[in-house]
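Ligands are counted one by one from 1 in listed order, and the atoms in each one are counted from 1 as well. Each residue takes its place number in the sequence, starting with 1.
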Amino acid sequence: MPKKLMQTRGVHLCTSRLDHCPAPLTEFTDDELMMKETVAKLAKEEIAPHVKKMEKEGKIDDYVLKTLFENGLMGLEIPTDYGGAGCNFMSTILTVEEVAKVDGAIAALVDIHNTLVNSLIIKVASEDQKQTYLPKLAQNYAGSFCLTEPGAGSDAFSLKTVAKKDGSDYIINGTKMWISNSDIAGVFLVFANANPSAGYRGITTFFVDRDTPGLSVAKPEDKLGIKASGTCMIHFDNVRVPEKNILGEFGQGYKYAAGFLNEGRVGIGAQMIGIAQGCLDATIPYTLERKQFGHDVFSFQSMQHQIAQVATELECARLLVYNAARLVDAKKDVMKEAAMAKLVASETALRVTAKCIDFMGGVGFTTEFPQEKYFRDSKIGTIYEGTSNMQLSTIAKCIRKQYS
Ligand SMILES: Cc1cc2nc3c(=O)[nH]c(=O)nc-3n(C[C@H](O)[C@H](O)[C@H](O)COP(=O)(O)OP(=O)(O)OC[C@H]3O[C@@H](n4cnc5c(N)ncnc54)[C@H](O)[C@@H]3O)c2cc1C
């Protein structure tokens, strides 16, 4: 609309809001497209055959883990100088989406490892820390992001884990809960309060290696979904780490957690749209084959409308996720867009997968078919990296700021 016309209607064109318009939404670069296609093939050929077994055993198959490392999926944005693939954030998002089409649990591993752990180290760590950890995270072991505690979930910055200075070391005591990848992680990024008198401004992030004395990982939780993704409680009992293990600056842990969880939420959005699309892809062919009343069940108009509805909702969610990913690559603030993307993608994935079970009829309710697993795997999206309530609160906070 011409600026003049907008002004005559009393509308003021706020150019700063236009800063959030990214490049065309669905256009990918050649590199992104190649990544998407390569990962889709890898997921189908190398991950899919192991999904049932991993689900049953509640752990990631060694071969699958090795394959992820060998094909660069554990070091997506790590610069090539440190042994990574040197991709952009959009490629990470496409990777998580393609993996989630096949298995939500492996997508959780790939997503959290890349968008929280690697990302924080790439952007905040010292050169020495990068040299020490990035090559291993790209090629050898997974990493965990340890923020949540038994008493500090949505209110994460009320955490009670402390890091007390002792000479040139810190001694960490406390308990972390619901920590993804912790069954297999080689390093833990631990958020602990190193100056409790300063409140959340004392929260500091530490590298803690798995073999550090005093660190113990409990057995994985038995969960509703993403069963192969190990989620454990971790105890820190006088865990001594040198001062050089502080990641970034002392007292900045709360900023790192808040900032990087924004990017992480776009990753969870990608996991959710992948799960929903994988489920839909496994469902539509069945509706075209299954005959009732002399016709395939897809041919009933009420079925078609419901299928069209969920496909449209899924496309909306995907566009929010891709838009937020483009903004991350453009180094824009994505607090609102990431919260919107995660909220819509996770709520949509729940609806799409539940509807797919309906479209299948009775067989959709059995473990013979994959729909019930997609449905169970989608539930985590409304909980981790901030519940749907917390996303709504974040969105409202951003809107208030925008208009104040
Ligand atoms: C499988 C899994 C993997 C996880 N992985 C990790 C990980 O790798 N690292 C990590 O640090 N954490 C991880 N988490 C923790 C996760 O981020 C938290 O579970 C989540 O933030 C919610 O915290 P909570 O479980 O304590 O719920 P609570 O905070 O106790 O929330 C309970 C209910 O109260 C609502 N609520 C709370 N406060 C408010 C409010 N102010 N306004 C409105 N509603 C509110 C919530 O929306 C929710 O419905 C994981 C959790 C799970 C289940």
Student: For Lys66, look at atom NZ and say whether over 12 heavy atoms of other residues, nucleotides or ligands are found less than 6.0 Å away.
Tutor: no
Student: Return the residue, atom name and 0.1 Å-rounded distance of the protein heavy atom closest to atom 31 (O) of ligand 1.
Tutor: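 Sorting protein heavy atoms by distance from atom 31 (O) of ligand 1 puts Ser154 OG, 3.8 Å first.
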Student: Applying salt bridge (charged side-chain N to carboxylate O under 4.0 Å, His left out), run through Glu263 and Lys123 and close with a yes or a no.
Tutor: CA-CA 12 Å; Glu263 293 185 22; Lys123 290 180 189 136; 3.2 Å; yes
Student: Return the residue, atom name and 0.1 Å-rounded distance of the protein heavy atom closest to atom 42 (N) of ligand 1.
Tutor: Met390 SD, 4.2 Å
Student: Can you check which of Leu159, Ile112, Ile380 brings a heavy atom nearest to atom 53 (C) of ligand 1?
Tutor: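 Going through Leu159, Ile112, Ile380 one by one, Ile380 has the nearest heavy atom to atom 53 (C) of ligand 1.
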Student: Take atom CE of Met335 as the centre, draw a 6.0 Å sphere, and report whether it contains more than 12 heavy atoms from other residues, nucleotides or ligands.
Tutor: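 Counting neighbours around CE of Met335, 12 or fewer heavy atoms of other residues, nucleotides or ligands fall under 6.0 Å, so no.
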Student: Show the atoms of ligand 1 that are less than 4.0 angstrom away from any heavy atom in Thr387.
Tutor: 22 (C), 46 (C), 47 (O)
Student: Report, in ascending order of atom number, the atoms of ligand 1 lying under 4.0 Å from any heavy atom of Leu147.
Tutor: 11 (O)
Student: Is atom 29 (O) of ligand 1 touching the protein, meaning some protein heavy atom lies under 4.0 Å away?
Tutor: yes
Student: For Glu127, does the CD atom sit with more than 12 other heavy atoms under 6.0 Å from it, leaving out its own atoms?
Tutor: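 Enclosed.
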Student: Would the number of heavy atoms belonging to other residues, nucleotides or ligands and lying under 6.0 Å from CZ of Phe300 be above 12?
Tutor: yes
Student: Heavy-atom distances under 4.0 Å are what count here, so tell me which part of Glu385 touches ligand 1: side chain, backbone, both or neither.
Tutor: backbone
Student: For ligand 1, note which part of Glu221 has a heavy atom under 4.0 Å away: side chain, backbone, both or neither.
Tutor: neither
Student: Should one rank Tyr384, Trp178, Phe188 by closest heavy-atom distance to atom 13 (C) of ligand 1, which comes out on top?
Tutor: Trp178
Student: On a heavy-atom basis, which atom in Ala270 and which in Val321 lie closest, and how many Å separate them?
Tutor: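 Heavy-atom minimum between the residues: N-CG1, 3.8 Å.
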Student: Do the ring planes of Tyr170 and Phe250 sit parallel (below 30°), tilted (30 to 60°) or perpendicular (above 60°)?
Tutor: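 Ring orientation of Tyr170 relative to Phe250: tilted.
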Student: Counting only heavy atoms from other residues, nucleotides and ligands, does the tally under 6.0 Å from NZ of Lys165 exceed 12?
Tutor: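 Above 12, so yes.
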Student: Would you mind checking which non-hydrogen protein atom is closest to atom 26 (O) of ligand 1, with the distance to 0.1 Å?
Tutor: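 Heavy-atom neighbour on the protein nearest atom 26 (O) of ligand 1: Gly153 CA, 3.2 Å.
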Student: If you measure every N or O of Asn389 against every N or O of ligand 1, does any of those distances drop under 3.5 Å?
Tutor: yes
Student: Give the residue and atom name of whichever protein heavy atom lies nearest to atom 9 (N) of ligand 1, and the separation in Å to one decimal.
Tutor: Phe145 O, 2.8 Å
Student: What do you think, any protein heavy atom under 4.0 angstrom from atom 47 (O) of ligand 1?
Tutor: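 Neighbour list for atom 47 (O) of ligand 1 includes protein heavy atoms (cut-off 4.0 Å).
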Student: Of Ile383, Ile234, Leu224, Thr231, which has the heavy atom at the shortest distance from atom 20 (C) of ligand 1?
Tutor: Ile383
Student: Report, as yes or no, whether the 6.0 Å neighbourhood of atom NZ on Lys164 holds more than 12 heavy atoms from other residues, nucleotides or ligands.
Tutor: no
Student: Would you check if Ser180 and Phe145 make a side-chain contact, meaning some heavy-atom pair closer than 4.5 Å?
Tutor: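 Counting from C-beta outward, Ser180 and Phe145 never come under 4.5 Å.
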Student: Counting only heavy atoms, tell me which of Thr148, Val190, Leu116 gets closest to atom 12 (N) of ligand 1.
Tutor: Thr148
Student: Can you check which of Ala108, Ser180, Gly225 brings a heavy atom nearest to atom 8 (O) of ligand 1?
Tutor: Ser180
